[in-house]
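Notes follow once the structure below has been shown.
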Amino acid sequence: MTMTGGWHPVALSTSIEPASSAGTHIGGGEFVVWRDGSGAAHVWEDRCPHRGMKLSFGFVRGDHIACLYHGWQYDAAGRCRYIPAHPDLEVPKTITVPAYRTVEAAGMIWASRDPEPATAPADPGEVVPVRSLYLAASAETVLQVVEGFPPRPFGGDAGPAGLEPVGANLHRLDIGPDTLLLGLQRLSDERTALHIVIAGPAETYSGEGQKHFLAWTAALRHRLESAPAADAVLSTEAV
Amino acid sequence: MAGIVFHNYELDECCYKVRLALSMLGLEWQTVAVDAFPGSEQVSPLYLAMNPLGSLPILKDGGLVLHGAETILAHLARSRDPSGRWLPAGGGEFAGVMQWLVFSAASLSVTVRARSSALFDTPGDEEAPRASAAKALRIMDDHMTARGFDGADWFAAGHATIADIALFPAFALSRDYGVDHDEYPALRRWARRFRAVPGFMTMPGIPDYH
């Protein structure tokens with residue numbers, strides 16, 4: 001099992017600073033998310049073809065990412081451009097790392113393996129990041145618990161909450177006057193990352209609004225982890 | 001003997017905390033290399049006389065013989081940093097530094113056990129310490145996520161303090177005990193800033209990017 005078709009969120013945009021990298025998983029497969037010096041994000045297979053080292057352990061210089069083991073450098077298209085042990089060698093163009101289509105939308109970095117993927121997640125306008133929440137549960141269980149345990153709105157009284165999909169791995173959670181966007185990353189069958197942003201202006205949500213929804217994420221995680229089983233959480237909610 | 005004499009083992013992350021502090025505070029010191037592995041010199045009678053706990057680091061400063069990285073950090077900051085930046089004198093910043101120093105010495109000691117078990121094959125279960133270590137790092141990541149919403153880049157103040165020094169090794173070395181950095185985005189950002197503090201140095205297990 002690895003990356004299925006369509007778009008997958010892999011990180012909040014703000015979590016991957018220019019000239020930095022991080023490892024992640026989709027469907028049990030290993031990927032590196034990195035941002036080059038000019039700010040463009042890339043998602044690749046997390047494996048240097050030389051000795052199999054994780055590229056996410058490496059480092060970014062300009063528009064290249066370098067492997068930590070022997071310094072092999074790859075350009076933004078995934079092609080090896082420089083091998084320090086053979087500085088004069090013109091590197092064969094067959095030495096490449098599989099690269100995935102990468103876009104940024106809704107404050108998140110998205111990847112797709114499809115050569116011509118479905119339309120990228122729609123741009124919802126200004127968003128304010130909350131966090132990426134890592135949970136030991138399937139994506140389906142996470143969604144059910146979110147639906148049964150929504151946050152209180154930041155600015156107003158509690159009202160009816162509504163959770164609806166707005167893309168394959170993107171959900172919209174309306175709570176009173178507020179809207180959260182939830183990117184669902186299936187790390188594996190039993191582990192899920194929930195990338196959470198607030199749809200709205202920084203002027204309204206920056207600082208206190210972010211902290212309000214951060215507190216909810218901690219409570220949500222606690223609820224998931226303290227339940228004897230996911231089914232029990234749901235049956236409690238149903239009462 | 002005048003000046004600072006530091007009894008060090010290069011692969012010990014608690015010794016690394018002290019090396020970072022000595023370097024970041026811009027101090028001069030003399031190092032005594034201790035054969036902790038495989039020699040177990042730190043539990044020899046000579047070393048037990050300096051620290052009955054049989055652990056490193058140990059730092060001598062004039063007539064003082066100190067053990068415990070957090071104690072040594074606080075001593076160095078208080079006695080050698082007149083600006084008070086590394087250990088703020090009062091208020092919430094002092095309390096915050098103390099809270100995270102205690103967290104480092106108590107809650108993060110599980111990361112020392114997890115790493116020691118993975119690296120030096122010390123007896124004991126490997127999986128339980130790893131899970132506890134991951135949970136301790138998560139507490140740090142939660143804190144730094146919230147700090148970010150206040151526009152603060154550091155654990156306890158508007159600048160780096162000895163709390164950041166005490167906390168850095170457990171995160172930076174977590175791959176030694178099988179915990180990756182994937183799920184700690186706020187700590188990744190903090191570690192990048194920490195590496196840029198003047199006087200920063202690496203140790204085996206923490207890559208020196210070049």
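Every chain is numbered from 1, with letters handed out A, B, ... down the list of sequences. This one's a predicted model, so the numbers in the text were calculated from it and none came from an experiment.
- The shortest side-chain heavy-atom distance between B/E183 and A/T24 does not fall under the 4.5 Å cut-off.
- When each of A/R191, A/H25, A/E208 is scored by its heavy-atom pairs under 4.5 Å with chain B, the top score falls to A/R191.
- More than 12 heavy atoms of other shown residues, nucleotides or ligands fall within 6.0 angstrom of atom CZ in B/R80.
- The shortest side-chain heavy-atom distance between B/R175 and A/K54 does not fall under the 4.5 Å cut-off.
- Counting heavy atoms of neighbouring residues, nucleotides and ligands inside a 6.0 Å radius, atom CZ of B/F200 exceeds 12 of them.
- Distance CG/B/D182 to OG/A/S132: 11.5 Å, rounded to 0.5 Å.
- At a 4.5 Å heavy-atom cutoff, the contact between B/D180 and chain A is made by side-chain atoms alone.
- With salt bridges taken as basic N to acidic carboxylate O contacts below 4.0 Å, one links A/E225 and B/R138.
- Comparing A/V130, A/L133, A/T217 by heavy-atom pairs within less than 4.5 Å of chain B, the highest count is held by A/V130.
- Interface remark: A/L187 contributes side-chain atoms only to the contact with chain B (heavy atom separation under 4.5 Å).
- For the pair A/T14 and B/R189, the tightest heavy-atom approach, listed with the atom from each and the gap, is O-NH1, 2.6 Å.
- Taking all atoms of both residues into account, the shortest heavy-atom contact from B/P207 to A/L68 is CB-CD1, 3.5 Å.
- Within the 4.5 Å cutoff, the side chain of A/P129 has no heavy atoms near those of the B/F149 side chain.
- Contact annotation: the side chain of B/R188 approaches that of A/S15 to within less than 4.5 Å [non-hydrogen atoms, C-beta and beyond].
- For the pair A/K211 and B/D150, the minimum side-chain heavy-atom distance is below 4.5 Å.
- Contact record, B/R192 with A/S20: NH1-CB, 3.3 Å, taken as the closest heavy-atom pair.
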